[in-house]
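As the structure is a computational prediction, the values presented were derived from the model and not from experiment. Residue numbers start at 1 and run along the sequence shown.
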Amino acid sequence: MKIVNFLKQNKFLSLVLLAYLVSFATRPQFAAEAFGNSAYYFKEMMLIMPMIFLLTVVIDILIPKEVILKNLGEDSGFKGGLLALILGSISAGPIYAAFPVGKLLLKKGASISNIVVILSAWAVIKVPMLANEAKFLGVEFMGTRWVLTVVSIFAMGAIVSAIVKKEDLPKAQSSSNFVFVNQKYCTGCSLCANMGPMLFEMANGKATIKQQPMVPKQKAAVKNIANQCPANAIFIP
């Protein structure tokens with residue numbers, strides 16, 4: 001029953017497994033090659049994604065929300081779009097590494113249009129990619145494609161932001177049992193210590209965590225406290 005429930009809850013994974021089974025039964029050589037490619041990319045993800053998640057925690061702690069709002073938010077204008085283009089262009093790693101970063105920037109106030117620009121630039125006009133393109137296809141080809149791609153990226157950002165709203169996006173579900181307080185954000189209101197005295201306490205006018213990791217059954221209460229924190233200083237990575 002547990003296996004059946006797991007497959008029902010992970011329908012996409014179930015379809016992939018079914019496709020592999022059919023392929024191994026009908027075209028074993030093709031299936032073996034496909035499985036080898038999948039194993040390669042899975043190994044790559046296991047090496048890259050932990051570092052990306054660590055980077056998102058560092059960004060969440062060190063970069064104030066006000067900075068993201070000012071430079072990448074809805075009112076950042078042309079400056080925000082240009083910064084998004086630069087960030088995407090100088091990025092490193094495969095495109096799937098950009099999605100957790102994009103999710104975090106959205107959470108901290110970045111606009112949807114600027115996230116589209118970052119993701120698109122990350123995917124198709126990274127600086128190392130442009131250098132190789134110029135080497136093999138020529139500077140004129142690379143420059144023309146870059147200009148047309150940039151125009152398309154900004155147009156796509158405007159279209160997506162007009163269709164998709166932040167409230168339409170799925171809410172992140174955290175599996176972590178650790179909770180953190182950003183001391184730069186904390187105003188010392190003591191709301192968390194009053195609502196969750198078993199986990200939070202005040203020290204030198206700032207909220208601190210009394211125990212790590214938190215007990216799993218405390219997670220729902222901590223999320224409620226984090227949502228009510230007036231400074232948005234509490235987060236679960």
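Inter-residue side-chain proximity for Ser76 and Asn71 is flagged as unmet; no heavy-atom pair is nearer than 4.5 Å. You'll find the side chain of Lys70 stays beyond 4.5 Å of the side chain of Lys65, heavy atoms only. Counting heavy atoms from C-beta outward, Ser111 and Asn114 have side chains that approach closer than 4.5 Å. Contact of the Met195 side chain with the Gln228 side chain is registered, since non-hydrogen atoms from C-beta on lie closer than 4.5 Å. Residues Ile153 and Val124 form a side-chain contact, since some pair of their non-hydrogen atoms from C-beta on lies under 4.5 Å apart. Annotation: side chain of Asn204 is not in contact with side chain of Lys206 (no heavy-atom distance under 4.5 Å). You'll find the side chain of Lys126 stays beyond 4.5 Å of the side chain of Leu130, heavy atoms only. Residues Tyr185 and Ile234 fail the side-chain proximity criterion, which asks for heavy atoms closer than 4.5 Å.
Shown here is Asp75, whose CG atom has no more than 12 heavy atoms of other residues, nucleotides or ligands within 6.0 Å. Counting non-hydrogen atoms of other residues, nucleotides and ligands closer than 6.0 Å to CD of Glu33 gives a total of 12 or fewer. Heavy atoms from other residues, nucleotides or ligands lying under 6.0 Å from NZ of Lys135 number 12 at most. Remark: Met129 CE is packed, more than 12 non-hydrogen atoms of other residues, nucleotides or ligands lying under 6.0 Å away. For Gln29, the CD atom sits in a loose shell: 12 or fewer heavy atoms of surrounding residues, nucleotides or ligands are nearer than 6.0 Å.
Transitive grouping of hydrophobic side chains (ILVMFWY, heavy atoms separated by less than 4.5 Å) keeps Leu137 and Val139 in distinct clusters. Following chains of ILVMFWY side-chain contacts shorter than 4.5 Å, one can reach Val147 starting from Ile125, so the two form part of one hydrophobic cluster. Ile95 and Leu105 end up in the same hydrophobic cluster when Ile, Leu, Val, Met, Phe, Trp and Tyr side chains are linked at under 4.5 Å. Note on Leu104 and Leu69: separate hydrophobic clusters, where clusters join Ile, Leu, Val, Met, Phe, Trp and Tyr whose side-chain heavy atoms are under 4.5 Å apart, directly or indirectly. Residues Val116 and Leu85 do not share a hydrophobic cluster, clusters being chains of Ile/Leu/Val/Met/Phe/Trp/Tyr side chains in contact below 4.5 Å.
The closest donor-acceptor contact from the side chain of Thr208 to the backbone of Ala203 lies at 3.5 Å or more, if one exists at all. Side-chain N or O atoms of Lys210 include one that pairs as donor or acceptor with a backbone N or O of Pro197 at under 3.5 Å. A donor-acceptor pair under 3.5 Å is absent between the side-chain atoms of Asn224 and the main chain of Ala220, judged by distance alone. Remark: side-chain polar atoms of Ser120 are not paired, donor with acceptor, to backbone N or O of Val117 under 3.5 angstrom.
Listed by chain and number, the hydrophobic cluster partners of Leu21 come to none, as no ILVMFWY side chain reaches under 4.5 Å of it.
Between atom OG of residue Ser113 and atom CZ of residue Phe154 there is a gap of 9.0 Å, rounded to the nearest 0.5 Å. Of the inter-residue distances, the one linking Cys192 atom SG with Met202 atom CE reads 6.0 Å to the nearest 0.5 angstrom.
Closest heavy-atom contact between Ala98 and Leu119: CB-CD2, 3.5 Å.
Every salt bridge (Lys or Arg N to Asp or Glu O under 4.0 Å) that Arg145 has, sequence neighbours left out, goes to Glu133.
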